[in-house]
Protein chains: 4
Amino acid sequence: MSSIARDPVDESISRGRGRPRDEVARTRILDSALETLEELGFANTTCDVIAERAGASKATIYRWWSNKAAVLVEALREAVALELPLPDTGDLREDIRQQLRNFIKLLTGRRGLAFRGFVAAAQSDPEVSEALRLVWVAPRRADVKARFERYRGKTLRADVDLELLIDLIYAPLYYRLLIGHAPLSEEYADALTDLVFAGIRLH
Amino acid sequence: MSSIARDPVDESISRGRGRPRDEVARTRILDSALETLEELGFANTTCDVIAERAGASKATIYRWWSNKAAVLVEALREAVALELPLPDTGDLREDIRQQLRNFIKLLTGRRGLAFRGFVAAAQSDPEVSEALRLVWVAPRRADVKARFERYRGKTLRADVDLELLIDLIYAPLYYRLLIGHAPLSEEYADALTDLVFAGIRLH
Amino acid sequence: MSSIARDPVDESISRGRGRPRDEVARTRILDSALETLEELGFANTTCDVIAERAGASKATIYRWWSNKAAVLVEALREAVALELPLPDTGDLREDIRQQLRNFIKLLTGRRGLAFRGFVAAAQSDPEVSEALRLVWVAPRRADVKARFERYRGKTLRADVDLELLIDLIYAPLYYRLLIGHAPLSEEYADALTDLVFAGIRLH
Amino acid sequence: MSSIARDPVDESISRGRGRPRDEVARTRILDSALETLEELGFANTTCDVIAERAGASKATIYRWWSNKAAVLVEALREAVALELPLPDTGDLREDIRQQLRNFIKLLTGRRGLAFRGFVAAAQSDPEVSEALRLVWVAPRRADVKARFERYRGKTLRADVDLELLIDLIYAPLYYRLLIGHAPLSEEYADALTDLVFAGIRLH
DNA sequence: ATCTAATCGAGACGGTACGTCGAGTCTTCCC
DNA sequence: GGGAAGACTCGACGTACCGTCTCGATTAGAT
């Protein structure tokens, strides 16, 4: 990962001499960042507001994060760290169906606005783009890829290109979120699952 | 369409007195807008630069367009007006395959950066969002929808949800464009077509 | 003079094409600058406060003045432009005595704080230093120098170094203003005049 | 004296428990403060730089001095403690002449920049102002005042206002130092002495 | 042949957010 | 308890872009 999110591991080991980073302030900053992000969206969130709400100073923000995007990236990362664990029902299709339903539930909640701004920022900021992939996209894709591999040759055709298949189940969600030509609903998750599985099942 | 692109009809009818709009200036502005958009992206394109390159004044820009987004939207619209006509080979699958290939060719060219910024801007500006759908997304979708309806019940299963199906073929292109986790290539268009058609063909 | 105070002459002649400078805004900025200067002193005057009080934006300030010092220099210059004309009583000694009294009156008023900050700023900013000399010091010195030359060989010894003599009558005022070891009073002007003239009169 | 320079007496008497003040650190701080002061001037000297060059921490600086000015004041005081002893040649005029020459030598050396900043800081900080008078100005003035009193009624007119006279010999040096309209040279010391003594000698 | 009104290029304007810097305070560990 | 390291708050700095406005100059149709 790039410098946008610094590695916290070394910190806890080789506690340098000076005053340690104020973890409470860090938390307050990330909390107010997320709150503002979900309230105003990415573009309308300013560092001044984050600082003020957090009771911190802008200097502290800029000491630890290179710019506004970096703060918001980390705030979102912490918020979504444990979200969307891939269900394991014993039925691949049902796993995917539930995963898509949960994802849609996330995107249609307050988090949706944050997500949209996140993807938007990634278009003009390579660091945000990289962070978006590493923090959010890659883990979700790795989960379903492992799951697909488990079922490969069983209920799943062996010759399917997994990367493409993963695109196929996730892309429509991003597409509707970002383009907004049609709503994201739970039924959409079901229909999408059905259609995709129609093309990949063993006959 | 919203106010983002003003209706040119009234202009030509009620030609009041006074100096008429300078169409050359309009063209120069849109040209330099597109040029800048493709060079710097949406977020880094400023109205001052557009005006300077066009040899126009900012006032002229804001007289005819409500804001920066409106100029760029129209610039892009003019540029893409005639692009991506849906091929008609007599084979539905081949039509889609070629369409996706052409779209990918577009997105991987200079136009890609413009598109990315366009989608990004849509996330925080409802007018851009509306324009994006009306100017670009809806026409492409209407084309393929009509084509799908022509083949419905023939080489295409009759019970397929067309809106979902259209999502399925276009979404992965936007997804890879915006997330950037994997490259967009012509082979990708082929593989995507194959996988989608595997689920929708008549057996 | 350096760039700290731009030449306004060309402006009025070759009125460039664009929107002309808003002279009202300029006046409001200089007025609020002077007001703040006399109220808070040089060091405590901020551009934000000047802008706010003037109903102007910081950008406008920085468009016309290179930094805070430049604004305050010009504000002070306008304020003192017509001040301290050298009296002409027909008696050299009386002229000087009255001039020193008037100068002391100025320095002990609200203007004194402004002056102190002005000299202070000149110590770390060469442009302020240059402006201080050109705007304030040099004109006063030129006035008295011309006067001294008029009386040279008459009531004034012909061999006196005029530059040194001018130092001798003005320096003590700056000295007491800046060091503050003793008060500046009108009697001080008289005593100073007496002592200096004791050394330069024809016997 | 105000709090700007704390009384060192208590320290040495009531050596409480704990580690005593590190005199080496104090010296390093004052040395680097003076060095930085002469190199960059008062305004451009930062506490961070002083601390870094001294291998000390800012906390140590602020434990012993109330603010940046206090450190620089003390640094300068130590540096000038033994400087400019008033010569005693048996000839009052020669004493003054040499004293002025020595002062000018000081001001035109590296020390000059420090002095200028010192006076500048005094304009917005009463504590610096007080320190400037107590540490530097008053002792010099006391020296020459005693000398003048010794010669009063002898080579010096008895009715001269000594405070004014002292102003008259020192003020021009500060004036040229701070305003910079003309150079400070040794010849200037001579000419100044001559002119002043022309007004105060017994005839 | 004016008059009138809308347009044009130029560029100054108010506003808002940015990211930086220095002063002075506070917190941790080490001695 | 003193000291080095260094994180912290506060507040000012100077910059950049947005969208508006005000000039003088231009360009047509209306009178």
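Throughout, protein chains are lettered first and strands after them, A, B, ... in sequence-line order, and every chain is numbered starting at 1.
Formation of a donor-acceptor pair under 3.5 Å by the Asp48(B) side chain with backbone atoms of Ala51(B) is not found in this model. For the pair Thr45(A) (side chain) and Gly41(A) (backbone), a donor-acceptor distance under 3.5 Å is present.
Remark: the Lys68(B) side chain and the dG19(F) base include no donor-acceptor N/O pair separated by less than 3.5 Å. In the interface, the side chain of Arg17(A) is not paired with the base of dA5(F) through any donor and acceptor atom under 3.5 Å apart. Judged by atom type and distance alone, Lys58(C) reaches the base of dG14(F) through a side-chain donor-acceptor pair under 3.5 Å.
Nearest-nucleotide assignment on DNA chain E puts the 5′-proximal partner with Glu23(B), out of Glu23(B) and Arg19(A). In this structure, Ala51(D) and Asp22(A) both approach DNA chain F, and ranking their closest nucleotides by distance from the 5' end singles out Ala51(D). A residue-by-residue look at Gly55(A) and Ala59(D) shows that Ala59(D) has its nearest nucleotide of DNA chain F further toward the 5' end. Residue order along DNA chain E, read from the 5' end via each residue's closest nucleotide, puts Ile29(C) first among Ile29(C) and Asn44(A).
In this structure, Arg63(D) reaches the dG3(F) phosphate: one of its side-chain N or O atoms is under 4.0 Å from OP1 or OP2. Between dA4(F) and Thr60(D), a contact under 4.0 Å exists linking OP1 or OP2 to a side-chain N or O. Between Thr46(C) and dA12(F) there is no side-chain polar atom (N or O) within less than 4.0 angstrom of OP1 or OP2. Phosphate contact (OP1/OP2 of dA5(F), side-chain N/O of Ser57(D), threshold under 4.0 Å): absent. For Tyr62(B) and dG19(F), the shortest distance from a side-chain N or O to OP1 or OP2 is below 4.0 Å. Taking only side-chain nitrogens and oxygens, Trp64(D) never comes nearer than 4.0 Å to OP1 or OP2 of dG2(F).
Rounded to whole angstrom, the span from the CG atom of Asp48(A) across to the P atom of dC10(F) amounts to 13 Å. Taking atom CG of residue Asn67(C) and atom C1' of nucleotide dT15(F), one finds them 14 Å apart after rounding to whole Å. Between Ile50(B) atom CD1 and dG9(E) atom P there is a gap of 14 Å when expressed in whole angstrom units. Trp65(C) has its CH2 atom 13 Å from the C1' atom of dC13(E), to the nearest Å. Across the protein-nucleic acid pair, Leu40(A) atom CG and dA17(E) atom C1' stand 14 Å apart, rounded to whole Å. Computed from coordinates, the Phe42(B) CZ to dC17(F) P distance equals 15 Å when rounded to whole Å. When the P atom of dG6(F) is taken as reference, atom CZ of Arg26(A) falls 20 Å away, rounded to whole Å. Atom P of nucleotide dC18(F) and atom CD of Glu52(B) are separated by 13 Å, given to the nearest angstrom.
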Between Asp31(B) and Glu35(B), does the side-chain contact (heavy atoms from CB on, under 4.5 Å) criterion hold? Intermediate values first, please. CA-CA 6 Å; Asp31(B) 285 353; Glu35(B) 175 194 319; over 6 Å; no
Should Phe42(D) and Arg116(D) be marked as a side-chain contact (heavy atoms from CB on, under 4.5 Å) after you check the CA-CA gap, both sets of side-chain angles, and the distance that decides it? CA-CA 8 Å; Phe42(D) 201 106; Arg116(D) 293 177 62 185; over 6 Å; no
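More than 12 heavy atoms of other residues, nucleotides or ligands shown are found within 6.0 angstrom of CD on Glu39(A).
Using a 4.0 Å heavy-atom criterion, one finds that Arg28(D) contacts the sugar-phosphate atoms exclusively.
In this structure, Arg26(B) forms no cation-pi arrangement with Trp64(B), as its terminal cationic atom is not both closer than 6.0 Å to the ring centre and no more than 45° off the ring axis.
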